[in-house]
Chemist: 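After the structure tokens below, expect a handful of questions from me.
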Amino acid sequence: MEQRKLSLPTDQRAALLRNQVTALLWNEKITTTHARAKEVSRLADKIIQLAVDTVLDVKKEVKTSVDKKGKKIEVETILDGEKRLAARRKIMAMVYDPPETRKADETAVAFRERTKDIRHPLIEKIFNVYAIRYSQRNRDNNSSGGYTRVLKLGARRGDGAEEALIELV
């Protein structure tokens, strides 16, 4: 299937779509023109499908260490497998990496404590929230794909362009 040009040069079109896909995955819905929404939908579905396909590819490691009192402590860590790591890197190349934002009633100390282990918040959200949600949905419905929905909103007031709401299902 051929990609829409959207009346933009290639570099600008790629940056626009990358930005809108990032916004969609971060906020779960955005409003844009209908043509852009269809392109964003294609890219977002591909990204989510990559994460869903590799959601179960994890490795567990148990490390033992000795504390100050001489006791042995076993710490279990969960790492990405080879396929999941490759998918993570491919997704990182397809979206921007927005920083985690502080909540309105959250202190700076609480924010640092909450985000100390999160290096790439959008990628973590894709793998820890969306991949799990949609893999369960795929198992229940015995299907795959169709992770986004495009709803037409009508003509925009200024230039009459057809607007659409794109959201994750």
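In what follows, residues are counted from 1 in the order of the sequence shown.
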Chemist: Between Tyr134 (side chain) and Val129 (backbone), is there a donor-acceptor pair under 3.5 Å?
Modeler: no

Chemist: Are the side chains of Ile73 and Lys63 in contact, using a 4.5 Å heavy-atom criterion?
Modeler: no

Chemist: Under the criterion side-chain contact (heavy atoms from CB on, under 4.5 Å), I'd like the reasoning laid out for Leu43 against Leu17: C-alpha separation, chi angles, the key distance, then a yes or no.
Modeler: CA-CA 8 Å; Leu43 293 173; Leu17 292 175; 3.8 Å; yes

Chemist: So that I can tick it off, tell me whether Arg133 and Glu28 are bridged by a salt bridge, with the cut-off set at under 4.0 angstrom between side-chain N and carboxylate O.
Modeler: yes

Chemist: So Val95 and Leu122, side-chain contact (heavy atoms from CB on, under 4.5 Å) or not? Walk me through it.
Modeler: CA-CA 9 Å; Val95 297; Leu122 180 61; 3.9 Å; yes

Chemist: Taking all atoms of both residues into account, what is the closest heavy-atom pair of Ile47 and Ile91, and its distance?
Modeler: O-CD1, 3.7 Å

Chemist: In chain order, what residues pass the ring-ring contact (aromatic ring centres under 6.0 Å, His included) check against Tyr130, with sequence neighbours excluded?
Modeler: none

Chemist: Scan residues 92-105 for pairs that pass side-chain hydrogen bond (donor to acceptor under 3.5 Å, both in side chains), counting only residues two or more places apart or in two chains.
Modeler: Asp97-His120, Glu100-Arg114

Chemist: Salt bridge or not for Arg36 and Glu39, using N-O below 4.0 Å?
Modeler: no

Chemist: When rounded to the nearest 0.5 angstrom, what distance separates CD in Glu61 from NZ in Lys59?
Modeler: 7.5 Å

Chemist: Minimum heavy-atom separation for Val150 to Ala164, with atom names?
Modeler: CG1-CB, 3.9 Å

Chemist: Measure the spacing between CZ of Arg89 and CD1 of Ile123 and express it to the nearest 0.5 Å.
Modeler: 12.5 Å

Chemist: Would you say Val52 and Met94 are hydrophobically clustered, going by side-chain heavy atoms of ILVMFWY under 4.5 Å?
Modeler: yes

Chemist: Counting N and O atoms only, with roles assigned by atom type, does the side chain of Arg84 sit under 3.5 Å from a partner on the main chain of Asp57, one being a donor and the other an acceptor?
Modeler: no

Chemist: Measure the CG-OG1 distance between Leu168 and Thr148 for me, rounded to the nearest 0.5 Å.
Modeler: 7.0 Å

Chemist: Strictly below 4.0 Å, N to O, side chains only: are Asp80 and Arg88 in salt-bridge contact?
Modeler: yes

Chemist: Given side chains that start at C-beta, do those of Ile166 and Arg149 come closer than 4.5 Å, heavy atoms only?
Modeler: no

Chemist: To the nearest 0.5 angstrom, please state how far the CG atom of Asn27 sits from the CD1 atom of Ile30.
Modeler: 8.5 Å

Chemist: Can Gln136 and Asp140 be counted as having a side-chain donor-acceptor contact under 3.5 angstrom?
Modeler: yes

Chemist: Would you say the side-chain atoms of Thr33 and Glu163 include a donor-acceptor pair closer than 3.5 Å?
Modeler: no

Chemist: Verify the cluster assignment for Leu56 and Phe127: are they in a single hydrophobic cluster under the rule of side-chain heavy atoms below 4.5 Å apart?
Modeler: no

Chemist: Using atom types as modelled and distance alone, determine if a side-chain donor or acceptor of Thr22 lies under 3.5 Å from a backbone N or O of Arg18.
Modeler: yes

Chemist: Are any non-hydrogen side-chain atoms of Gln3 and Arg13 less than 4.5 angstrom apart?
Modeler: yes

Chemist: What is the minimum heavy-atom distance between Ala155 and Gly160, and which atoms define it?
Modeler: CB-O, 3.9 Å

Chemist: Show your reasoning for whether side-chain contact (heavy atoms from CB on, under 4.5 Å) applies to Leu50 and Ile126.
Modeler: CA-CA 10 Å; Leu50 265 173; Ile126 290 170; over 6 Å; no

Chemist: Check Arg156 with Asp159, please: is the shortest side-chain N to carboxylate O separation under 4.0 Å?
Modeler: yes

Chemist: Which atom pair, heavy atoms only, marks the closest approach of Pro98 to Trp26?
Modeler: CG-CE3, 3.9 Å

Chemist: May I ask you to check whether over 12 heavy atoms, not counting those of Lys46, lie within 6.0 Å of atom NZ?
Modeler: no

Chemist: Are Val55 and Ile48 connected, step by step, through hydrophobic side chains (Ile, Leu, Val, Met, Phe, Trp, Tyr) whose heavy atoms are closer than 4.5 Å?
Modeler: no

Chemist: When rounded to the nearest 0.5 angstrom, what distance separates OG in Ser65 from NZ in Lys71?
Modeler: 12.5 Å

Chemist: Less than 3.5 Å apart, any donor N or O on the side chain of Tyr147 or Asn138 sitting next to an acceptor on the other?
Modeler: yes

Chemist: To the closest 0.5 Å, what do you measure between CG (Leu16) and CG (Asp11)?
Modeler: 11.5 Å

Chemist: Let's go through Asp45 and Gln49 carefully: what are the C-alpha distance in whole Å and the side-chain angles of both, what is the deciding distance for side chain to side chain donor-acceptor pair (under 3.5 Å) to 0.1 Å, and is it a yes or a no?
Modeler: CA-CA 6 Å; Asp45 280 347; Gln49 188 63 48; over 6 Å; no

